[in-house]
Enquirer: 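After the structure tokens below, expect a handful of questions from me.
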Number of protein chains: 2
Amino acid sequence: MSDRRTQILDAAATLIAERGFTSTSVDDVIKGAKLSGKSHFYHYFKSKDELGYEVLNRQFERFAERGLAILREPMIDPLERLNLFIDAVVALQSESGGRRGSPFGNLAAELADAHEGFRVRIEAVFERWASQIRSLLWEARPQLQDDVDAVRLSRFIIAALEGAVLMTRVKRDLSVLEGIAIDLKRFIAMHVRDGAVVQHSRNHE
Amino acid sequence: MSDRRTQILDAAATLIAERGFTSTSVDDVIKGAKLSGKSHFYHYFKSKDELGYEVLNRQFERFAERGLAILREPMIDPLERLNLFIDAVVALQSESGGRRGSPFGNLAAELADAHEGFRVRIEAVFERWASQIRSLLWEARPQLQDDVDAVRLSRFIIAALEGAVLMTRVKRDLSVLEGIAIDLKRFIAMHVRDGAVVQHSRNHE
DNA sequence: CAATGATAGGACCACACGGTCCAATGCGCA
DNA sequence: TGCGCATTGGACCGTGTGGTCCTATCATTG
């Protein structure tokens, strides 16, 4: 696809992450992507909503590459991968000083009730995320207690992370997320079968 | 205070909970509260922002009465009160079928970055909430392990609940919140000192 | 009675918004 | 040389927004 399209998508992603979808105007995006005018923008996107949908997709793909990919690393112990994934979420938030929040959670809270099109797409994003965690949990089942509910646990992990990111954003304090990350790891460790061993990789602090 | 003011506040609270602050226009509030026109509204509030601030305060007060009050019940075991409080959050969400979400979390995600005035006020709300949980944890310290970090645990509880409510809203499925509530109680129980007893009250299912 | 606040209703404003349309120019590729 | 897409630039439109102003009618209360 053309270079401009991704340029617009990137600019829009930044603006939406900073100010939300509603508060980001098409004119803002035009300025951000250094386009010449409205006609230039509408040459690439047929509406603001369509732009929003594509931004959401793109954000999820980036998250899949930089975050969720860790969950599938074949050479690392699955439960250790979960810890590394949590570390990665913390690291991603650190890049913006915790000010940015989750691109999914933000949109979810902003649009879940007001805009059905977005709600459905955000639901799909959470579902894909949850299914990746469920797969990992399934892979780790020899180390887990028999009664672990993978669906429930995967939802809990996502909820805790989303809530943590939200609180971090409100308090403008990264240590909120760090503390919750610690507790979340401890909660996961609580599900390990007695006597099972979790193999720690070297690069984990 | 005059009856009209609270009438406006109530109408605005409903609308903001349904559609967010930005998407709720002053005219919507006027219709909702059955006022005669703009002048009638501006007779009671000097700006839309001021209305928003008061709605936020009011929502917190209602939450304090209907939810946080449980945390201070003197006749019930503190840790059991925590469980009852979690049940109350679930019950509150049930009233709207999980569609409404947290009045604080919604505003937080919508306005934390865009509107400093709201961000500060929402931060204060979370802080007051957290401090109530910390007090309870302090009261329960004979039953808790020595190394329990009350600040961290209180934040974790709030984050898990806020995240759960958000996911519930996106999925339009109350069972998400119910599942997370179960896990959250188990996480709290994990901090109980070996041999300590948690006194269960009768009305708890 | 007079004064005061509540109610009513509407005109008006400046601005921002998403979106359309058009006319002109650049620019690479067959 | 010509075709088609990319770019530029701007006028324009309908609608909704928060907010102001003005006038007039009620009811209450000193």
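Just so it is clear: chains get the letters A, B, ... in the order the sequence lines come, proteins before strands, and each one is counted from 1. Computed from heavy atoms alone, side chains included, the values below leave out hydrogens, waters and symmetry copies.
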Enquirer: Taking the side chain of B/His43 as its heavy atoms from C-beta onward, which of D/dT7, C/dG18, C/dA6 lies nearest to it?
Expert: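 Of the options given, the side chain of B/His43 lies nearest C/dA6.
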Enquirer: Do A/Arg58 and A/Glu54 meet the salt-bridge criterion of a basic N to acidic O distance under 4.0 Å?
Expert: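 Judged by the 4.0 Å cut-off on N to carboxylate O distance, A/Glu54 and A/Arg58 do not form a salt bridge.
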Enquirer: Whole angstroms only, please: what is the NE2-P distance between A/His40 and D/dA11?
Expert: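 Spelled out: NE2 on A/His40 to P on D/dA11 is 19 Å.
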Enquirer: Using only side-chain N and O atoms of B/Tyr44, determine if any of them is under 4.0 Å from OP1 or OP2 of C/dG5.
Expert: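 For C/dG5, OP1/OP2 do not have a side-chain N/O of B/Tyr44 under 4.0 Å.
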Enquirer: For a quick check of understanding: with a heavy-atom distance under 4.0 Å over all strands, which category does A/Thr24 fall into, base, sugar-phosphate or nothing?
Expert: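 A/Thr24: backbone/sugar contact only, no base atoms under 4.0 Å.
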Enquirer: What integer distance in Å separates A/Leu51:CG from C/dC17:P?
Expert: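 It is 15 Å, rounded to the nearest whole Å.
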Enquirer: Would you compute the distance between atom CZ of B/Phe41 and atom CG of B/Asp27 and round it to the nearest 0.5 angstrom?
Expert: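 Spacing of CZ (B/Phe41) from CG (B/Asp27) equals 10.0 Å.
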Enquirer: Side chain of B/Lys48, heavy atoms from C-beta onward: which of D/dT8, D/dG18, C/dG19 has the nearest atom to it?
Expert: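 Nearest listed nucleotide: D/dG18.
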Enquirer: Under a 3.5 Å cutoff, is there a donor and acceptor pairing between the side chains of A/His115 and A/Asp49?
Expert: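 Indeed, the side chains of A/His115 and A/Asp49 share at least one donor-acceptor pair under 3.5 Å.
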Enquirer: Figure out the CG/P separation between B/Asp49 and D/dT17, and round it to whole Å.
Expert: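 For the pair B/Asp49 CG and D/dT17 P, the rounded distance is 15 Å.
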Enquirer: Salt bridge or not for A/Lys171 and B/Glu127, using N-O below 4.0 Å?
Expert: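 A salt bridge is present here (some side-chain N lies under 4.0 Å from a carboxylate O).
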Enquirer: Could you walk me through whether A/Asp113 and B/Arg172 pass the salt bridge (charged side-chain N to carboxylate O under 4.0 Å, His left out) test, one step at a time?
Expert: CA-CA 10 Å; A/Asp113 279 322; B/Arg172 297 219 184 291; 3.7 Å; yes
Enquirer: Do NZ/NE/NH1/NH2 and the carboxylate oxygens of A/Asp87 and A/Lys185 come within less than 4.0 Å?
Expert: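 Salt bridge flag = yes for A/Lys185 with A/Asp87.
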Enquirer: Less than 4.0 angstrom between a side-chain N/O of B/Arg4 and OP1 or OP2 of C/dA6, yes or no?
Expert: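 Negative; the distance criterion is not met.
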Enquirer: Short of 4.0 Å, heavy atom to strand atom, which residues of residues 25-34 of chain A count as contacting DNA chain C?
Expert: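 Those residues are A/Ser25, A/Val26.
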Enquirer: What are the atom names and distances for every N/O pair under 3.5 Å that joins the protein to nucleotides 20-28 of chain C?
Expert:
none

Enquirer: Among B/Val55, B/Val125, B/Leu56, which residue meets the side chain to side chain contact (heavy atoms under 4.5 Å, CB included) test with B/Leu107?
Expert: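 Checked B/Val55, B/Val125, B/Leu56 against B/Leu107; only one passes side chain to side chain contact (heavy atoms under 4.5 Å, CB included): B/Leu56.
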Enquirer: Which whole-number value in Å describes the distance from A/Phe41 CZ to D/dA6 P?
Expert: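 My rounded result for the distance is 15 Å.
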Enquirer: Quick one: B/Asp3 CG to D/dA27 P, roughly how many Å, whole number?
Expert: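 These atoms are roughly 18 Å apart.
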Enquirer: By salt bridge (Lys or Arg N to Asp or Glu O under 4.0 Å), which residues pair with A/Asp173, not counting sequence neighbours?
Expert: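 Not a single residue meets the salt bridge (Lys or Arg N to Asp or Glu O under 4.0 Å) criterion with A/Asp173.
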Enquirer: Among B/Met167, B/Gln93, B/Arg169, find the one that has a side chain to side chain contact (heavy atoms under 4.5 Å, CB included) with B/Leu177.
Expert: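 By the side chain to side chain contact (heavy atoms under 4.5 Å, CB included) criterion, B/Leu177 pairs with just one of B/Met167, B/Gln93, B/Arg169: B/Gln93.
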Enquirer: Calculate the interatomic distance between B/Phe45 atom CZ and D/dG19 atom P; express it in whole Å.
Expert: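 The answer, rounded to whole Å, is 13 Å.
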Enquirer: Using whole Å, report how far CZ of A/Phe21 lies from C1' of C/dG18.
Expert: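 Result: 10 Å.
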